[in-house]
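Please read the structure below before turning to the comments.
For the single chain, residues carry numbers from 1 onward in sequence order.
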Amino acid sequence: MGHPDVEELWMRMRAAREAGGANEASPEQLKRHRELAALCPAFTPNLLELARLLLLTDEPGESAEKGFSEIQHLLGQAVHASNRSAPALLEQAHFIDSVRNSPEEAEKLFEECAARALRTVEGAWSALLNLWTMENRKETLEKALKLGAMAEKLFPPEASIHADVARARRFAALAGLIPEERP
């Protein structure tokens with residue numbers, strides 16, 4: 001049997017979810033999530049959900065430290081499998097901070113998470129600014145101006161998004177929505 005496709009992975013994850021609660025897992029639910037993690041150790045959504053459920057569930061006959069070790073392993077695996085995605089880093093940072101009581105290590109993870117998330121936001125906002133600017137309609141240029149104002153507050157002056165904000169302003173000025181900026 002080959003590796004399951006994405007649809008099968010999500011089908012198995014839905015089945016695991018349905019086998020228990022959202023805030024306290026049943027033994028069957030944990031079993032299904034663990035089986036899915038063994039089947040595809042790179043399926044990050046399952047790794048994160050399993051880690052969250054383990055944190056919320058006391059398994060009979062298991063020590064807290066054994067459970068914490070499994071959670072830490074799952075979160076590390078999720079960070080690695082997701083190429084250090086912001087959501088996986090965030091979950092790992094919360095765990096390191098609240099369970100492992102290591103604020104210095106958690107701080108580094110939170111900072112990396114924020115930087116990665118901010119790069120994603122900048123990319124999405126740049127794309128929206130360009131899309132709305134190129135549509136070149138009053139409504140879309142007004143949306144671009146509003147988003148540009150938020151971008152100027154959020155991103156440092158050297159961020160590449162500022163070129164997109166300037167372009168949107170030039171188009172808005174040509175459309176008579178704002179006064180032309182003088183150099």
Side-chain angles (χ1 to χ4, degrees), residues 5-11 13-14 17 22-23 40-53 55-56 71-72 74-183:
D5 65 15
V6 174
E7 286 304 315
E8 183 180 343
L9 293 172
W10 280 108
M11 182 188 73
M13 186 149 161
R14 279 190 295 277
R17 283 178 174 160
N23 294 319
C40 184
F43 188 45
T44 304
N46 182 62
L47 300 173
L48 294 175
E49 187 155 330
L50 177 54
R52 183 186 63 78
L53 288 170
L55 194 57
L56 297 172
I71 294 165
Q72 190 164 353
L74 289 166
L75 293 173
Q77 197 172 340
V79 166
H80 183 71
S82 69
N83 197 28
R84 303 187 74 75
S85 71
L89 285 165
L90 181 62
E91 294 304 319
Q92 187 179 44
H94 279 302
F95 177 80
I96 296 295
D97 182 38
S98 62
V99 175
R100 293 299 189 200
N101 194 25
S102 181
E104 299 82 17
E105 184 181 353
E107 181 180 13
K108 291 175 190 167
L109 292 167
F110 283 130
E111 287 172 348
E112 181 182 356
C113 170
R116 286 177 177 271
L118 201 53
R119 282 194 300 272
T120 301
V121 169
E122 183 181 7
W125 284 13
S126 286
L128 280 170
L129 285 168
N130 287 319
L131 180 109
W132 290 335
T133 300
M134 298 317 290
E135 284 184 10
N136 201 20
R137 292 181 294 117
K138 179 182 185 287
E139 303 81 31
T140 61
L141 291 172
E142 287 172 346
K143 290 195 308 189
L145 290 172
K146 285 180 185 174
L147 186 59
M150 288 191 301
E152 288 181 322
K153 292 175 186 172
L154 183 60
F155 296 101
E158 66 276 3
S160 63
I161 193 170
H162 294 293
D164 300 319
V165 172
R167 184 180 313 104
R169 282 207 176 104
R170 282 193 305 275
F171 274 67
L174 289 172
L177 297 176
I178 61 171
E180 273 191 56
E181 292 181 8
R182 303 285 172 179

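Taken from CD in E91 to CG in L55, the straight-line distance is 9.5 Å, to the nearest 0.5 Å. Separation of atoms CG (N130) and CD (E135) is listed at 11.5 Å; rounding is to 0.5 Å.
For E107, there are no side chain to side chain donor-acceptor pair (under 3.5 Å) partners at least two apart in sequence or on another chain. Residues meeting the side chain to side chain donor-acceptor pair (under 3.5 Å) test with R14, sequence neighbours left out: none. F110 pairs by the ring pair (Phe, Tyr, Trp, His ring centres under 6.0 Å) definition with H94, not counting sequence neighbours. With sequence neighbours excluded, the residues forming a salt bridge (charged side-chain N to carboxylate O under 4.0 Å, His left out) with R167 are D164, listed by chain and number. Checked against ring pair (Phe, Tyr, Trp, His ring centres under 6.0 Å), F171 has no partners two or more places apart in sequence or in another chain. Residues passing the side chain to side chain donor-acceptor pair (under 3.5 Å) test with E105: none are found, sequence neighbours excluded. For E49, the side chain to side chain donor-acceptor pair (under 3.5 Å) criterion is met by R17, not counting sequence neighbours. The side-chain contact (heavy atoms from CB on, under 4.5 Å) check on D5 picks up E7, E8, with sequence neighbours excluded.
The salt bridge (charged side-chain N to carboxylate O under 4.0 Å, His left out) pairs that include a residue from residues 118-131 number zero, where partners must be two or more places apart or lie in different chains. Sorted by first and then second residue, the side-chain hydrogen bond (donor to acceptor under 3.5 Å, both in side chains) pairs with a member in residues 75-88 read H73-Q77, S82-S85, R84-E112; sequence neighbours excluded. The stretch residues 144-153 participates, sequence neighbours left out, in these side-chain hydrogen bond (donor to acceptor under 3.5 Å, both in side chains) pairs: E152-R169. A ring pair (Phe, Tyr, Trp, His ring centres under 6.0 Å) check over residues 141-169, counting only residues at least two apart or in different chains, returns the pairs W125-F155.
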inquiry  = Set out, in order, the CA-CA distance, both residues' side-chain angles and the distance that settles side-chain contact (heavy atoms from CB on, under 4.5 Å) for M13 and W10, then state yes or no.
reply    = CA-CA 5 Å; M13 186 149 161; W10 280 108; 4.1 Å; yes
query = After noting the C-alpha distance and the side-chain angles of N23 and R52, does the key distance pass the side-chain contact (heavy atoms from CB on, under 4.5 Å) rule?
reply = CA-CA 9 Å; N23 294 319; R52 183 186 63 78; 4.2 Å; yes
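Residues L75 and L47 have side chains not in contact (no heavy-atom distance under 4.5 Å, counting atoms from C-beta outward). In this structure, the side chains of N46 and L9 stay at 4.5 Å or more apart for every pair of heavy atoms. Put simply, the side chain of I96 reaches to within 4.5 Å of the side chain of Q72, judged on heavy atoms. Put simply, the side chain of V99 does not reach to within 4.5 Å of the side chain of I71, judged on heavy atoms.
Closest heavy-atom contact between L90 and C113: CB-SG, 3.7 Å. Shortest non-hydrogen contact noted between A168 and L141 is O-CD2, 4.4 Å. Taking each heavy atom of V79 and A88 in turn, the nearest pair found is CG2-O, 3.6 Å. In plain terms, the two heavy atoms of A22 and L56 that are nearest each other are O-CD1, 4.2 Å. When all heavy atoms of T133 and A144 are compared, the pair lying nearest together is OG1-CB, 4.1 Å. Here the closest heavy-atom approach between residue A78 and residue L48 is recorded as CB-CD2, 3.7 Å.
In this structure, E142 pairs ionically with K138, as a charged nitrogen and a carboxylate oxygen lie closer than 4.0 Å.
Dense packing is recorded around CE of M150, with more than 12 heavy atoms of other residues, nucleotides or ligands lying under 6.0 Å away.
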